[in-house]
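Owing to the predicted nature of the structure, the values given are computational and were not obtained by experimental measurement.
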Amino acid sequence: MDKNGGLVLATERYGSGQTWKYSVSDGVMKRTRDGSEAGLRSHSVVELFKSVFLPQGYPESVSSDYLQYQFWDTLQAFSSSLSGTLATQASLRGVGVGNQEATVAAATVTWLLRDGTGMLGRILFAWRKGSKLDSEAKKWRLFADVLNDIAMFMEILAPHFPACFTLVVCTAGIFKSIVGVAGGATRAALTVHQARRDNMADISAKDGSQETLVNLAGLLVSLLLIPLVTDNPVLTVSLFFLFTVLHLFANYKAVRSVVMETFNEARLSIVMQQYLKDRRILSPSEANQREPVFLQFGKATPVKLGVRLQDVAQSPEELNLALKENNMPFLLGIRNGCICVCLGTDASVRDEIRAMCQAACVSNILSCPTALKSTQQNLWEILHESQKQMDAHFSPFLKGVKAAGWDTERTLLDWDEWRVEWKTKNS
């Protein structure tokens, strides 16, 4: 029975929103909504906001870290919008807006050179680093925003160096083109992570709506800022640094809030090394908190995945050592302080995970100062020892990571495209 004395026939709910009841009274079926009038009005406003700016089915249709990430992403977008206003004003002043001695032709050439160099930079960056943007989305996302702030700072300073203005704005244009590629590609990778119902397009569209709303708010604030900063370089630089600090802090918090359940090199190495240490499996949340979000240059023991056979073995003797007691569809070798993994043509995702786990085990051993002075023969012994460790521990490790909530059906490991077929002693 409902509060009006009617017999409730059915209830329905739209997503996780308000509940409706179907009741019958005096032979007539009625549809009513639960709740008080005041609660219904406030709920209607919330539902309208959710339908406009959040993906359909929120929160069930997105990952658990969606709201926290979007909050910090919105804050960084707002601060970036204000910084961009300051940089745009400086660029326009630099090309001659407001200067009677400046010519339209000179300003046009400067603008074309900036756009042209930016286009070339976009193509070159996508060629060299495009494959890295999926496996290290957090690092490149943060890198893109740091580079964007550097580019805007260069644009603000450019008018104060007229002799080098064109060079400075062209360099800033290259940086911004890299930002466009890295930022857009990593946002797409994060959208794939956030989508729980194959609703990448809806999430992307609503993210665009959120960004448009933030930019509109930034535009309104910028209208108040422009009269204050015009012909006031000290205030311009001071506000820029304030917005930049806010921008970088929000970006750091945003990428830190992302909890990916798929393995990349960093997350798998962290989980594997913890398991070898005390047999404990880290959850996705724990491993993501430990994952570095800044690009690292000159790693102690780099790992190259999917290399050519000659990077692992350069002689028949070395090939025999790589194949010794090895029935897996991958080979490991150590060359010039780098762990190289050669993948067979029939390797599965499980094999890829095992190969990376063994590489992480070897890297852990080589990080000791005594191992760095080992001979090539001793390095092969280290590889054979790591292989025995994988034989003993990999199966329970894989079961453990599945139980902890990791996705082992696919990975984000950065494999190159080389695949090798080799002959064993018995073939």
Could you grab the distance from atom [atom1] of [X] to atom [atom2] of [Y], nearest 0.5 Å is fine?
X: I382; Y: W380; atom1: CD1; atom2: CH2; result: 12.0 Å
X: T345; Y: R419; atom1: OG1; atom2: CZ; result: 9.5 Å
X: D149; Y: S80; atom1: CG; atom2: OG; result: 6.5 Å
X: I174; Y: T117; atom1: CD1; atom2: OG1; result: 4.5 Å
X: H247; Y: F240; atom1: NE2; atom2: CZ; result: 9.5 Å
X: L412; Y: L133; atom1: CG; atom2: CG; result: 12.0 Å

Under 3.5 Å side-chain donor-acceptor pair for [X] and [Y]:
X: S135; Y: E265; value: no
X: Q387; Y: D391; value: no
X: Q194; Y: S63; value: no
X: S348; Y: D351; value: yes
X: R187; Y: T191; value: yes
X: H193; Y: D65; value: yes
X: Q76; Y: N251; value: yes

Would you call the rings of F143 and W140 parallel, tilted or perpendicular if under 30° counts as parallel and over 60° as perpendicular?
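The arrangement is perpendicular - the two ring planes meet at more than 60°.
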For [X] and [Y], indicate whether the former's side chain and the latter's backbone hold a donor-acceptor pair under 3.5 Å.
X: R279; Y: L276; result: yes
X: N199; Y: A195; result: no
X: E286; Y: S283; result: yes
X: R308; Y: C342; result: no
X: D416; Y: W418; result: no
X: S81; Y: A77; result: no
X: T212; Y: G208; result: yes

May I ask you to say whether [X] pairs ionically with [Y], meaning some side-chain N is under 4.0 Å from a carboxylate O?
X: D311; Y: K304; result: no
X: R335; Y: E318; result: yes
X: E12; Y: R31; result: yes

Between Y58 and K50, is a side chain to side chain contact (heavy atoms under 4.5 Å, CB included) present by the stated rule, with each step listed?
CA-CA 8 Å; Y58 172 86; K50 288 173 63 176; 4.0 Å; yes
With E261 as reference, evaluate R410, R267, R196 under the salt bridge (Lys or Arg N to Asp or Glu O under 4.0 Å) test and give the passing residue.
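Passing option: R196.
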Looking at F125, I'd like to know if the NZ or CZ of R122 sits under 6.0 Å from its six-membered ring centre while staying within 45 degrees of the ring's axis.
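No, cation not above the ring by the 6.0 Å, 45° rule.
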Give the intermediate values and the outcome of ring-ring contact (aromatic ring centres under 6.0 Å, His included) for residues F241 and F153.
CA-CA 9 Å; F241 276 112; F153 184 60; 5.4 Å; yes
Kindly check if the number of other-residue, nucleotide or ligand heavy atoms within 6.0 Å of CG (D346) is above 12?
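Buried by this count: over 12 neighbours within 6.0 Å.
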Atom CD of residue position Q289 - does it have more than 12 heavy atoms of other residues, nucleotides or ligands inside 6.0 Å?
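Enclosed: over 12 neighbouring heavy atoms sit under 6.0 Å from CD of Q289.
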Which of E136, K138, E291, K139 passes side-chain hydrogen bond (donor to acceptor under 3.5 Å, both in side chains) with N264? It is E291
Please identify each residue that fulfils side chain to side chain contact (heavy atoms under 4.5 Å, CB included) with L246, with sequence neighbours left out.
L75, S79
If the test is side-chain contact (heavy atoms from CB on, under 4.5 Å), which one of L225, L248, T85 qualifies with F243?
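Only one option passes, and that is L225.
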Quick check: closest heavy atoms across P55 and Y66, and the distance to 0.1 Å?
CD-OH, 3.3 Å
Carefully, step by step, assess H384 and E325 under the rule side chain to side chain contact (heavy atoms under 4.5 Å, CB included).
CA-CA 8 Å; H384 295 154; E325 299 179 6; over 6 Å; no
Does any non-hydrogen side-chain atom of L343 lie less than 4.5 Å from one of L331?
no
Stepwise side chain to side chain contact (heavy atoms under 4.5 Å, CB included) test for D73 and D207
CA-CA 10 Å; D73 188 56; D207 181 67; 3.9 Å; yes
